[in-house]
Protein chains: 2
Amino acid sequence: MTQNKVSTEEIIKNAAMEVFVEDGFDGARMQKIADKAQVNKAMLHYYFSSKEVLFEKILIEACGEMLPELTAIIKGEQAFIDKLKAFVRIHIRQQLKNPKLVSFIFRELNKNPERMASQLNNLEVMKTAYTDFMNSYKLEVEAGKMHAYSPAHLFIMIQGLVDYYPLSKPFYCAFMKYMDEAVEELTFEEKLIDQTCLLLENALKK
Amino acid sequence: MTQNKVSTEEIIKNAAMEVFVEDGFDGARMQKIADKAQVNKAMLHYYFSSKEVLFEKILIEACGEMLPELTAIIKGEQAFIDKLKAFVRIHIRQQLKNPKLVSFIFRELNKNPERMASQLNNLEVMKTAYTDFMNSYKLEVEAGKMHAYSPAHLFIMIQGLVDYYPLSKPFYCAFMKYMDEAVEELTFEEKLIDQTCLLLENALKK
DNA sequence: ATTTGTGTTAACCAACTGGTTAGTTATAAT
DNA sequence: ATTATAACTAACCAGTTGGTTAACACAAAT
């Protein structure tokens, strides 16, 4: 019973995650969520008062799912460049596991930047990650081992390199087909990771 | 009359562009488009049979607006690296002029990759751009002047560098505020362009 | 003057949407 | 056994949505 109680709410959440990620807030239908969760539609309003509230809960969870194993890397004892490579590798692989989640986040981010901003408090991890990462970079620069970039801009460029492909994967799948380039997805993506690491290494190392 | 005839259809299109870009397909309301165009809602169905049809027209136009001055660059007589820099500069500036358009394209791309793929025929420009660009790059590599990357992957990485920030600008605006970093938008963005050029130069030049 | 065709409108409609409600079952507490 | 509370359901509701329709205006062609 206590099991069941927790369970139903969790089932709804999982169903809602799927539907919201697939269809976005506007496209998502409460009935579809209820069907997927195999509960009566009224249950959605029983556990979560409104669509908006349910969505907010899902959005928070979705954000959380974006930055998991990453913390481990930052706290590691590796050299900066190895940390960076590990970050690239893990981040891209992770995003590619669920590309729809990535596009969901960006979709809702652009629709309602303020809401996402208010969620930023939860991303304390990200703040420390950013700071730690950039401090190690500055040390490398001061030691004359790396080219100097503006840390903030470098951060954005790295994010671009690791977030962009998962976000536009469907486009490139179609584009490749159109270009008559037969590509085996997995090898292509692993190679993208390698190439990204290589590019960053060349761009940074003096 | 002929003037007026053309005009009304164009007015509707412009209004539809605004609303679809702002709200996405699911969020957009025909009434809102009609209001913005200051015409009766029935007129939308008079000129464009359905929401779907109107949307498709808008999507094509939106895609067209994405790749304008770029063709000029490719046909230019500059050296590869200068072409690349010019591309970065113009592309980022262009996207930043209307960031909502960028996020609109990505939103709808991820919602309906097949539709976007079918629109790829219109992007003949892109195909030639891609081929030309990559051929010049290969020449540089063969001449031993540049590091060798897989052309396809390099293409994607470059796109990531130029598309990512406009796409996630609202996030970084909020993030910067949260990090207590006061940034003057325009200078920040011009510097991002410079930094991107620098990064690519370092990553490519031997 | 009358016809014809295009542009335009107000009013309407069926389908759908998020949300409610009144009532039912099941479980635990007294 | 009775009560109280939480979990659940079927039916319903008011508001919205994309889309239609029948009538109207107004110009050009006859």
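Below, read A as the first sequence line, B as the second, and so on, with proteins coming before strands; counting in each chain starts at 1. The figures here come from the full heavy-atom set of this structure, side chains too, leaving out hydrogens, waters and symmetry mates.
In the set C:dG18, D:dA7, D:dT20, the nucleotide with an atom closest to the side chain of A:Y47 is D:dA7. Between D:dT20, C:dG18, D:dG19, one nucleotide has an atom nearer to the side chain of B:A42 than all others, and that is D:dT20. Closest contact between the side chain of B:T8 and the listed nucleotides C:dT8, C:dG18, D:dG19 involves C:dT8. When each of D:dT17, C:dG19, D:dA6 is scored by its nearest atom to the side-chain atoms of B:R29, the top-ranked nucleotide is D:dT17. For A:N40, the side-chain atoms get nearest to D:dT9 when compared with the rest of C:dG18, D:dA6, D:dT9. Checking D:dG18, C:dG7, D:dA6 against every side-chain atom of A:Y46, the shortest atom distance belongs to D:dA6.
Residue B:A28 is classed as a sugar-phosphate contact, given heavy-atom separations below 4.0 Å to backbone atoms only. If you check every strand for non-hydrogen atoms under 4.0 Å, A:M43 touches a base.
The residues B:E22 and A:K111 are annotated as not salt-bridged, no charged nitrogen and carboxylate oxygen being separated by less than 4.0 angstrom.
No side-chain heavy atom of B:L200 sits less than 4.5 Å from a side-chain heavy atom of B:I81.
Summarising the geometry, the separation between CG on B:L54 and C1' on D:dG19 is reported as 13 Å, rounded to the nearest angstrom. One atom, CZ of A:F55, and another, P of C:dG19, lie 14 Å apart when rounded to the nearest Å. For the pair A:D35 CG and C:dT17 P, the interatomic distance rounds to 11 Å; values are reported in whole Å. Computed from coordinates, the A:Q31 CD to D:dC13 C1' distance equals 15 Å when rounded to whole Å. As rounded to whole Å, 6 Å separates atom P of C:dT20 from atom NE2 of A:H45. As a whole-Å value, the separation of B:I12 CD1 from C:dT8 C1' is 11 Å. Separating the NZ atom of B:K51 from the P atom of C:dA15 is a distance of 19 Å, rounded to the nearest angstrom. A:E52 has its CD atom 14 Å from the C1' atom of C:dT17, to the nearest Å.
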**Report entry** Pair B:D163-B:Q95, side-chain contact (heavy atoms from CB on, under 4.5 Å): steps then yes or no
**Finding:** CA-CA 8 Å; B:D163 271 348; B:Q95 308 285 56; 2.7 Å; yes

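Between the side chain of A:K41 and the base of C:dG18, at least one donor-acceptor pair of N or O atoms lies under 3.5 Å.
Side chains of A:N112 and A:E108: no donor on one and acceptor on the other come within 3.5 Å. With 3.5 Å as the limit, one finds a donor-acceptor pair spanning the side chains of A:E189 and A:Y165.
Of the two residues near DNA chain C, B:V39 and A:D26, the one whose nearest nucleotide lies more 5' is B:V39.
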